2 protein chains.
Amino acid sequence: MSALSRKIQHVSDESESGFDVPKLSRSTLNEEVYEQLKQALISGKIAPGSTMTIRSLASSFGISVMPVREALRRLVAEHVLTLLPNRSVSLPVFTRERFNEITRIRTSLEGLAAEEGARHVTPKMLTHMTHLTSLMEAKTAVSHTDTLAWNREFHFTLYTASKMPTLVKMIESLWLQAGPLLHLQQRVFAAQKQPVYVQHHRAIQAIKSGKPAQVRDAIVGDIEDAAEIISAAL
Amino acid sequence: MSALSRKIQHVSDESESGFDVPKLSRSTLNEEVYEQLKQALISGKIAPGSTMTIRSLASSFGISVMPVREALRRLVAEHVLTLLPNRSVSLPVFTRERFNEITRIRTSLEGLAAEEGARHVTPKMLTHMTHLTSLMEAKTAVSHTDTLAWNREFHFTLYTASKMPTLVKMIESLWLQAGPLLHLQQRVFAAQKQPVYVQHHRAIQAIKSGKPAQVRDAIVGDIEDAAEIISAAL
DNA sequence: TTGCGTTTTTTGTGATCACTCATTACAAGC
DNA sequence: GCTTGTAATGAGTGATCACAAAAAACGCAA
């Protein structure tokens, strides 16, 4: 029938924070397309500046235009894609101004999430974060994709602990917007013989000693360190 | 034909083709529906917690289901409406936790926008902001809707000056999410014999004396003052 | 009256078709 | 040769239909 199959999937259960959402949800085609496009974006498979048409995407997915339409509109609403005056969508090119703006917003929001998250981190989360950092620093050659995923989980474990779901969603949106550039950072990081995530360690230590403000500083530093690397390669 | 008519609207007057004036732009139905729903939301016409069906909205608009669908999905993507497990949408009820979260995010983002905007405000913008504030403080009885619109314009004039478009869009989204509560604030404010927008004056003075950090403080104070009022009435 | 299983209706999702606008190609005219 | 009007193609928008799942209504038995 189609390349996309209807599956039953778990929707972020967030067990300890006890949020609303139901345990099971059937995925729709437009959600599948949305996820696929998201993956394509963060893995850099889509060239910035390129426009995409509904029909071509639909035919390549083997489905009709409607789910593609909704997925694209959703990404536009999330500021990941932009709507051209022609009403066609494109992946915007990242200017240095836009990158700097996103970075400043990120330091503001993720700083808040980190400081507030630090107040609610459980010991289990902390060991998880420590584990993730050690994984990232392991000498064994790992794929950039994995490292990126670990880094992401490190940050969002902390952010989710803040119990500010709206804030976390906004940060996710920002990460998605910056998506095409994130793996660029990873490449540079990996070029160093042994990448050391100094700010991660600072954050972990600050959490242990119960200094939320220092956790904020560490996370902000982490973002700015990465931004510097990316900005140099832009 | 339909309750929503396609309108021709003036967009810009710069005509490079000699004299012929108005550039024409045709709005789509889903945008119309989106705007209508937005207006209904910020004017409090939709009860929090109420669910809305695509078909009923479509029939009341006199159009087919598709534009309504897209408009609703867009509002969901902007976190204004929520998607229930049934896949129907509803206007979420505002818990005190959610309101506090939104307020904290607002102080963070609008503080940034205010501080950065203060560095780029033109004299013309400043007089405009002063004028808006005096309008809001005028003794003559004005509608809450007007006051709300003036307040909104005051803030966004400052924010837009920051030249951070992504940031401004995110703030707009937050205002929309808080929309149903904003006119609640206005009602309380109007209950005072003569509302005085202290923080507005502080902001204006700080802009004049070139102290962006103080502008930030004033705007943050404005948000927190309003939040206190709303929180008390929640 | 209450509880439960069945039927009917409602509702969201996706496919297909028709329509309009934008863009391009092409050709006629200056 | 360059410009301009016109046809052709492509692409987004919206209407209608079909389908599946959820909700509501109903009926029957305890």
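Order of the sequence lines sets the chain letters (A, B, ...), proteins ahead of strands, with each chain counted from 1. Because the structure is predicted, anything quoted here is derived from the model rather than measured.
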Looking at the base of C/dG14, is there any donor atom on it, or on the side chain of A/R69, that sits under 3.5 Å from an acceptor on the other one?
no
For A/L84 and D/dG12, what is the distance between atoms CG and C1' respectively, to the nearest whole Å?
12 Å
ring-ring contact (aromatic ring centres under 6.0 Å, His included) partners of residues 70-107 of chain B, not counting sequence neighbours, each pair once:
none
Which residues pass the salt bridge (Lys or Arg N to Asp or Glu O under 4.0 Å) test with B/R98, not counting sequence neighbours?
none
Got a sec, which residues hit ring-ring contact (aromatic ring centres under 6.0 Å, His included) with B/Y159, two or more places apart in sequence or on another chain?
B/H155, B/F156
Expressed in angstrom and rounded to an integer, what is the separation of B/L29 atom CG from D/dT16 atom P?
12 Å
May I have the distance from B/R74 (atom CZ) to D/dT13 (atom C1'), rounded to whole angstrom?
15 Å
B/M66 CE - C/dG12 P separation (whole Å):
13 Å
How many angstroms lie between CG in A/L112 and OG in B/S108, if you round to the nearest 0.5 Å?
5.5 Å
Suppose we screen for side-chain contact (heavy atoms from CB on, under 4.5 Å). Which residues come up paired with A/V76, at least two apart in sequence or across chains?
A/L81, A/L83, A/V89
Determine: side-chain N/O of B/R73 to OP1/OP2 of C/dT13, distance under 4.0 Å, yes or no.
yes
Side-chain donor-acceptor distances from residues 170-177 of chain B under 3.5 Å, at least two apart:
unit_1, atom_1, unit_2, atom_2, d
B/S173, OG, B/E78, O, 3.4
B/W175, NE1, B/E110, OE2, 2.9

OP1 or OP2 of C/dT23 sitting under 4.0 Å from any side-chain N/O of A/N86?
yes
Enumerate the residues from residues 45-56 of chain A whose closest heavy atom to DNA chain D is under 4.0 Å, giving them by residue number; use none for an empty result.
A/M52, A/T53, A/I54, A/R55
Should B/N30 be listed as having a side-chain N or O under 4.0 Å from OP1 or OP2 of D/dG14?
yes
